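Note that the structure is predicted; figures quoted are calculated from it, not measured. Worth knowing before you read on, the calculation uses all heavy atoms, side chains too, and leaves out hydrogens, waters and symmetry mates.
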Amino acid sequence: MAKPSFSTPLGMVDILPEETPSWRALEQIIHEEAAKFNFQEIRTPILEPTELIRRGVGQLTDIVTKEIFAFKKGDTHYVLRPELTAPVVRSYVQHHLDQRGGIQKLYYIGPMFRAERPQKGRQRQFHQFGLEVIGSSDPVADIETIAFMMRIYQRIGIKNFTLKLNSVGDPESRELYKQVLRDYLEPKRSQLSELSQQRLDKNPMRILDSKEPEDQEFIAKAPIIQDYLNEDSSIHFEQVKRGLESLDIAFEIDPHLVRGMDYYTRTAFELNSPDLGSQDALAGGGRYDLLVEEIGGKPTPAVGFAAGMERLLIACKELKISLAKKSALDIYIVSLGEDARNWALSILPELRTHCLSASMDYTGKSMKAQMKEANRELSRFTLIVGENELNTGTFILRNMTESNEVAISASEIVTTVLADKKS
RNA sequence: GAGCCCGUAGCUCAGUCGGUUAGAGCGCCAGGUUGUGGCCCUGGAGGCCGUGGGUUCAAUUCCCAUCGGGCUCCCCA
């Protein structure tokens, strides 16, 4: 094997022709469902200012401290976007979308970048779809966000998952809870994992998310935030729960669910699948009532989620769900000789004008080889053109699935193939 | 950032306790059918056995390094 001189960067993959139909089918589903919910698509640059991500996602988060692709051009620092909530909010503020009236219901599909060690379900360039509802603090926005997310998986047929729900509180509730948590954990500091000891100072709530064995005992007995929510946040949480119940969306409360981005307030949720292996989060999201202001806009409540597309496709593969199959060709023209090839080339435009997919040999190979190719391309018909046909004006149209053929005139080709396609 | 496993044909993998021309299935190309695909039969192309170094009379095989891949921890989609 000649060694390839070049290959994709670590953790980045080519999506090959046999895979793109599934991707397009998934994208199609997302676009269709978004339209049903009256969400509008937004597309933003792959690059964003470093400072936006730092402030948006959080200075101390893993994403910012170690997972970012950053570089500098002139005096400006850029990053490849690691997520899209902060950029969408940036766009919302930059273009004064709040001035358009109503709330903004936006969705997106696109590549994200995180400089992590690749493994199953984790790449350095990966794709997410997601949505952001900006301008509403009503629990209905949370419920619709989750309902949209669940609908995508439901439509695809992925049912094997757990929806975890929590409230991480508003700033007031959270400060109170953090203090309670610190008071509880501080006496046990020396018994906690090294990582959790650091977190105790910076962000004690993330200790709840720890998987270190030595932390588990303390986490299990730790006070839970639900007991420290103020009345507003508590009511909000209750309304979200009730809304999901009324929509028959099953969930479980996980008081230890703390997500990786700093901007979440109140509602936080995550969808996990046992079909994914170690990286089991299909999607996650929550409410972020402080982010718009943090990024320079007016105080504006918002909620959203993001879902991993590769992980969704992995789950499909595990569950043997096929989103798309190789598309069949309507007609392949087998041509014999120079005159026949020219004739074939000249008839293709008409076939395509009638919305038929049509192709022919580009290499001048034997009839048998051309028939093989038509078969490989799953062509429904082959049209055979040689000297005889050109002289008599009668062509052989072979039905490849039924293995029979008819002699027809040139003017009958389109109608015959179209008639079969409709039946 | 840390740990473990793996690199042999386009793909999936045998094999070599170190020793003449490295194999299979699938795929590809061609012939059997000088104008007919799928099934079948026959043949063919395609490998410096990831790369570099070491040990040895001899390395695809053993050792070291390196690169690449996979899985795991951490964290996340």
Side-chain angles (χ1 to χ4, degrees), chain A residues 1-4 6-11 13 16 18 57-58 60-68 81-85 109-130 149 193-196 198-199 206 209-213 215 257-261 270-273 276-285 305-315 329 332 334-337 340 361 363 365-389 395-405:
Chain A
M1 170 179 57
K3 300 297 162 292
F6 302 106
S7 58
T8 51
L10 178 65
V13 301
L16 297 174
E18 62 267 27
V57 176
L60 297 176
T61 57
D62 286 336
I63 288 179
V64 166
T65 55
K66 57 182 198 191
E67 297 172 3
I68 235 162
R81 62 189 194 192
E83 58 102 56
L84 221 40
T85 300
I109 300 178
M112 311 296 159
F113 302 83
R114 292 182 198 174
E116 296 181 272
R117 217 24 214 279
Q119 64 186 79
K120 186 180 180 187
R122 171 188 285 164
Q123 294 169 192
R124 293 184 152 201
Q125 175 176 344
F126 60 103
H127 297 76
Q128 290 185 330
F129 67 93
M149 180 177 90
S193 65
E194 200 180 322
L195 192 60
S196 290
Q198 294 168 22
R199 285 167 167 166
R206 290 208 58 81
D209 207 29
S210 168
K211 281 144 201 140
E212 302 290 336
D215 296 339
L257 175 66
V258 179
R259 296 183 43 75
M261 269 84 46
E270 196 168 290
L271 196 63
N272 300 96
S273 164
L276 289 182
S278 171
Q279 306 306 318
D280 67 346
L282 274 173
F305 82 91
M309 295 173 75
E310 281 83 358
R311 290 186 185 177
L312 190 156
L313 292 172
I314 288 170
L329 182 65
Y332 184 96
V334 172
S335 56
L336 301 160
D361 169 52
T363 62
K365 58 191 171 194
S366 71
M367 178 171 189
K368 178 169 175 157
Q370 292 186 50
M371 291 297 291
K372 269 188 91 153
E373 176 156 350
N375 191 61
R376 186 164 43 222
E377 298 303 322
L378 306 176
S379 191
R380 294 161 50 238
F381 287 94
T382 48
L383 185 75
I384 296 163
V385 186
E387 254 180 76
N388 293 342
E389 288 73 13
F395 302 86
I396 295 167
L397 183 68
R398 181 172 179 83
N399 184 320
M400 298 293 278
T401 46
E402 291 172 17
S403 297
N404 55 38
E405 50 198 41

Treat a base pair as Watson-Crick or G-U wobble with both distances under 3.5 Å, then lay out RNA chain B in dot-bracket form, 5' to 3', with | for cross-strand pairs.
(((((((..((((.....[...)))).(((((.......))))).....(((((..]....))))))))))))....
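A:Ile396 comes within 4.0 angstrom of a base, heavy atoms only. Residue-level contact check: A:Glu18 touches neither bases nor backbone, having no heavy atom under 4.0 Å from any strand. When heavy atoms are screened at a 4.0 angstrom cut-off, A:Thr382 is found touching no nucleic acid atom at all. Nucleic acid contact class of A:Glu67 (heavy atoms, under 4.0 Å, all strands): sugar-phosphate only. As judged by a 4.0 angstrom heavy-atom cut-off over every strand, A:Glu405 is placed among the base-contacting residues. Among the atoms of the strands shown, none is found under 4.0 Å from any heavy atom of A:Glu310. Heavy atoms of A:Ala374 sit nowhere under 4.0 angstrom from any nucleic acid atom. Within the nucleic acid shown, A:Lys368 comes within 4.0 Å of at least one base atom, counting heavy atoms only.
Comparing atom distances between the A:Arg376 side chain and each of B:rU72, B:rA77, B:rC29 picks out B:rC29 as nearest. Proximity note for A:Lys120 (side chain, C-beta onward) versus B:rG38, B:rC75, B:rU72: the nearest is B:rU72.
Closest non-hydrogen pair, A:Gln125 versus A:Pro111, comes out as NE2-CB, 3.5 Å. Shown here for A:Met149 and A:Leu271, the closest heavy-atom pair between the two residues is CE-CB, 4.1 Å.
Remark: A:Arg380 engages A:Asp330, A:Asp420 in a side-chain hydrogen bond (donor to acceptor under 3.5 Å, both in side chains) (not counting sequence neighbours).
To the nearest 0.5 Å, the span separating CG on A:Leu329 from CD on A:Glu377 amounts to 7.0 Å.
Put simply, CZ on A:Phe126 is 17 Å from P on B:rC75, counting in whole angstrom units.
Between A:Gln119 and B:rU72 there is a side-chain N or O to OP1 or OP2 distance below 4.0 Å. The side chain of A:Arg117 contributes no N or O atom lying less than 4.0 Å from OP1 or OP2 of B:rG70. An OP1 or OP2 oxygen of B:rA77 is reached within less than 4.0 angstrom by no side-chain nitrogen or oxygen of A:Arg124.
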